[in-house]
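Structure, as structure tokens:
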Amino acid sequence: MNRAFWVGVLLMAMATGQAFAAEADRPAFVDDEGVMRRQDDNSEVALFGVNYYVPFSIDYDVLKERGLDHKQAIRDD
């Protein structure tokens with residue numbers, strides 16, 4: 001693809017990131033049911049992306065070889 005396309009993609013990504021970053025100024029809390037909510041209007045916080053990085057991703061095969069449950073390993077972590 002041409003350079004202008006990639007420059008456009010980069011600019012859009014930067015603008016989108018700044019738009020989402022503006023929301024971070026609103027304090028939030030986790031309610032009794034485990035739902036993250038805004039303090040000012042009690043609305044549910046909806047974030048973009050995944051907020052968990054599997055720390056053992058390089059050990060995926062080792063967990064599999066040992067017969068361990070990957071989801072349980074995440075919960076234990």
TODO: Evaluate side-chain contact (heavy atoms from CB on, under 4.5 Å) for Arg37 paired with Phe29, printing each intermediate quantity in order.
DONE: CA-CA 5 Å; Arg37 298 192 175 279; Phe29 69 98; 3.8 Å; yes

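When every heavy atom of Met36 is checked against every heavy atom of Ala28, the shortest pair comes out as CG-CB, 4.0 Å.
Residue Leu63 holds its CG atom at 11.5 Å from CD of Gln72, rounded to the nearest 0.5 Å.
Considering only residues two or more places apart in sequence or on other chains, Asp41 meets the side-chain contact (heavy atoms from CB on, under 4.5 Å) condition with Arg26, Arg38, Ser43.
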